[in-house]
Protein chains: 2
Amino acid sequence: MPAVAPHDRRPARVEDTVGTAQLTAVPEPKYWHLRSVLLRAIDSEFSTGQVIPNERDLAARFGVARATLRQALDQLELEGRLVRRRGIGTLVAAPRVGVPVSRREEGWPGGTREQVWQNIDCTSAPASEQLAKALGIQAGETVHTVRRVRVTQGQTVATESLHVPDATVAQVPAIRLSGAAAEGDDQARSLMRRLERLTVDGESRAVELGVAEAEEAALLQRPPGTPVLVVTTQYASAGRLAALGVSTYRADTCRLTFGETGLVEVTPVAAATPTATRTA
Amino acid sequence: MPAVAPHDRRPARVEDTVGTAQLTAVPEPKYWHLRSVLLRAIDSEFSTGQVIPNERDLAARFGVARATLRQALDQLELEGRLVRRRGIGTLVAAPRVGVPVSRREEGWPGGTREQVWQNIDCTSAPASEQLAKALGIQAGETVHTVRRVRVTQGQTVATESLHVPDATVAQVPAIRLSGAAAEGDDQARSLMRRLERLTVDGESRAVELGVAEAEEAALLQRPPGTPVLVVTTQYASAGRLAALGVSTYRADTCRLTFGETGLVEVTPVAAATPTATRTA
DNA sequence: CAGTGGTCTAGACCACCCC
DNA sequence: GGGTGGTCTAGACCACTGA
């Protein structure tokens, strides 16, 4: 990687590269230019999992302050191209994992399948005003909430809270599991069994960007503030809203896939953020 | 907003709030604590569009360096809660707009509808290796690319590149528009008309986080590096991949909605990033 | 222990906006 | 102009990792 004279505070202009001065140029920020250089470097000279030089060395090599270099690394980390590990170093990230999002993978109601979701616990409480509004019920009505995580290739990629109004499962008889234990995981399993007896006639989803708060971040094994893709799913049964799922997927490692399991592998094209692909 | 003694470099611990010292506490970073405080403030004391105090004042008020305060604002901006405008100030962002994503909104093939997409131009070129792979064709084959933007409520929320192999429309006769002009917009319109004659039997999508590069960012009226939701759509016709769409939506202002236009309004619940809702 | 990334400071100059 | 956010610097100390 090229070096730059230190203490050069001129904003980088495209004329620096082109000889002829086109005065139209925009003063590209240093960190953005660094990002491009580093991106080319990790694409060509490094491979997945490899450790790149440490921040102090890189900053010195490019003749910038460490903070500036970090701004470039921040971008590349947001794009899922780098992973930074405290005490270890900065690694070239693996391509994002394609994660199918559909009712089937929810393990509900089409049978449990290969256990993509792992229950953590199950709580029952009166609905907060906000939750009640989202579920279309009265505040205070009982809602069961299953908390679970999605594990792919040994890594936790998502957490989910599945909110089920008691009214949804009231008619379905409770299910006795082996022991009489009311332990979290069993409660969750029991609730899911009851849900499987419902006929779900549709679902609609919304996806947006969010950040993981403390608890969620811990489950995802990431620091707080980690960007996540928040998927909100409404499950309809008999024309009514039967349940609401709120899932948060790690944005750095996941590509969410929808629909009829495409014909060809979904390979992103060089728009915005180019990436290679892999399917879970 | 409360003030803090300046030059206090102790890491904020939860014991600061709780009297009894539970030694298990984690030293929460200042910027993360600031984020929480600011979040509460903008939720309770400010309303959409309102300008919050400038960064220098806020930093002084909280007794932190401006860079630290900015770290907190960065988070809130990523969550779509704040909008920063150079020369103006920092504003409380409007709730995210619900943007329907489906074939219908693509204006294809179900008729043009209310013009949610506006063509910019149309180019034809031999496919790059990467694009060819994504389209399942040979590199070098001709591909038509329509570039367009999606405008909602007077604001550009997305850009798209729709890649159509020439083979897809080869059988469909070209369509003459009014004049003989081969201007960009007309070319695009002509291609879209031809596409409408195809029977599309399915599509599959992928959503992931990306950042907008220079050109894209300009179209979205945002600085480079802006986080975007990248939607990759495969359109199938007669069992083959007929076209590939790559759309980038502004992550700060958009909530993507899928599926059978839900029963109730999709209202996010307080997980990860809580938000109010609005539909386009 | 030495080395890494994570946080934080106290300045500085810039580009942009509106008056 | 004066005020705003955007960029950048040159330090510092911390928490975590692994040998």
Side-chain angles (χ1 to χ4, degrees), chain A residues 4-13 24-35 38 50-60 62-78 82-93 217 221-226, chain B residues 4-13 25-35 38 50-60 62-78 82-93 217 221-226 252:
Chain A
V4 170
H7 295 251
D8 180 358
R9 302 195 76 287
R10 280 181 314 159
R13 298 180 178 275
T24 55
V26 179
E28 189 188 37
K30 276 189 185 178
Y31 78 88
W32 187 254
H33 180 246
L34 278 180
R35 170 193 165 277
L38 290 169
Q50 201 171 346
V51 181
I52 72 174
N54 72 58
E55 299 182 350
R56 289 165 180 86
D57 282 356
L58 282 177
F62 288 109
V64 299
R66 192 178 154 216
T68 303
L69 178 89
R70 277 182 61 81
Q71 233 180 317
L73 296 184
D74 285 345
Q75 284 282 341
L76 292 169
E77 193 180 27
L78 187 66
L82 293 177
V83 180
R84 292 196 272 192
R85 281 211 246 275
R86 192 194 285 229
I88 305 290
T90 302
L91 293 70
V92 176
Q221 300 164 309
R222 295 257 63 197
T226 299
Chain B
V4 171
H7 295 250
D8 180 357
R9 302 196 75 288
R10 280 182 313 160
R13 298 181 179 275
V26 179
E28 188 188 37
K30 277 189 184 177
Y31 78 89
W32 187 253
H33 181 245
L34 278 180
R35 170 192 165 276
L38 290 169
Q50 202 172 346
V51 182
I52 72 173
N54 72 59
E55 299 181 350
R56 289 166 180 86
D57 282 357
L58 282 177
F62 288 110
V64 300
R66 191 175 154 220
T68 303
L69 178 89
R70 277 183 62 82
Q71 232 180 319
L73 295 185
D74 285 345
Q75 285 281 341
L76 292 169
E77 193 181 27
L78 187 66
L82 292 178
V83 180
R84 292 197 272 192
R85 281 210 245 275
R86 193 197 287 234
I88 304 290
T90 302
L91 293 70
V92 176
Q221 301 164 309
R222 295 256 65 197
T226 300
D252 56 345

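Letters go in sequence order (proteins before strands), and every chain restarts at 1.
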Interatomic distance, A:L91 CG vs C:dT4 P [rounded to whole Å]: 13 Å

OG1 on B:T68 to CD on B:E55, rounded to 0.5 Å: 11.5 Å

Close residues, residues 64-72 of chain A, relative to DNA chain C [heavy-atom separation under 4.0 Å]: A:R66, A:R70

Looking at NE2 of A:H33 and CD of A:E28, how far apart are the two atoms once the value is rounded to the nearest 0.5 Å? 6.0 Å

Nearest heavy-atom neighbours spanning A:V83 and A:A93: CG2-CB, 3.6 Å

Could you tell me how far apart A:E28 (CD) and C:dA15 (P) are, to the nearest whole angstrom? 15 Å

Taking atom C1' of D:dC8 as reference, at what distance in whole Å does atom NE2 of A:H33 sit? 16 Å

Rounding to 0.5 Å, atoms CD1 (B:I52) and CZ (B:R84) come to a distance of 9.0 Å

Give a yes/no on whether any side-chain N or O of A:Y31 is located under 4.0 angstrom from OP1 or OP2 of D:dC8. no

Can you tell me the distance, in whole Å, between the CG atom of A:L73 and the P atom of C:dT4? 14 Å

Could you give the distance from CG (B:L34) to CD (B:Q71), rounded to the nearest 0.5 Å? 9.5 Å

Length of the line joining A:L76:CG and C:dG5:C1', which is rounded to integer Å: 16 Å

Using 0.5 Å steps for rounding, measure from the CG atom of A:L76 to the CG atom of A:L82. 5.0 Å

What's the NZ-P distance between B:K30 and D:dC13, to the nearest Å? 15 Å

Report each atom pair, protein N/O against N/O of nucleotides 1-4 of chain D, whose distance is under 3.5 angstrom.
from: D:dG3; atom 1: N2; to: B:G87; atom 2: O; distance (Å): 3.4
from: D:dT4; atom 1: OP1; to: B:N54; atom 2: ND2; distance (Å): 2.6
from: D:dT4; atom 1: OP2; to: B:N54; atom 2: ND2; distance (Å): 3.2
from: D:dT4; atom 1: O2; to: B:G87; atom 2: N; distance (Å): 3.2

Separation of C:dT7 P from B:Q75 CD (nearest whole Å): 9 Å

Search all heavy atoms of A:I88 against all heavy atoms of A:L91 and return the closest pair with its distance. CG2-CD1, 4.4 Å

Value rounded to 0.5 Å, distance of CG in A:L73 from CZ in A:R66: 9.5 Å

Separation of D:dC8 C1' from A:L34 CG (nearest whole Å): 12 Å

Between B:A72 and B:Y31, what is the shortest heavy-atom contact and its length? CB-O, 3.4 Å

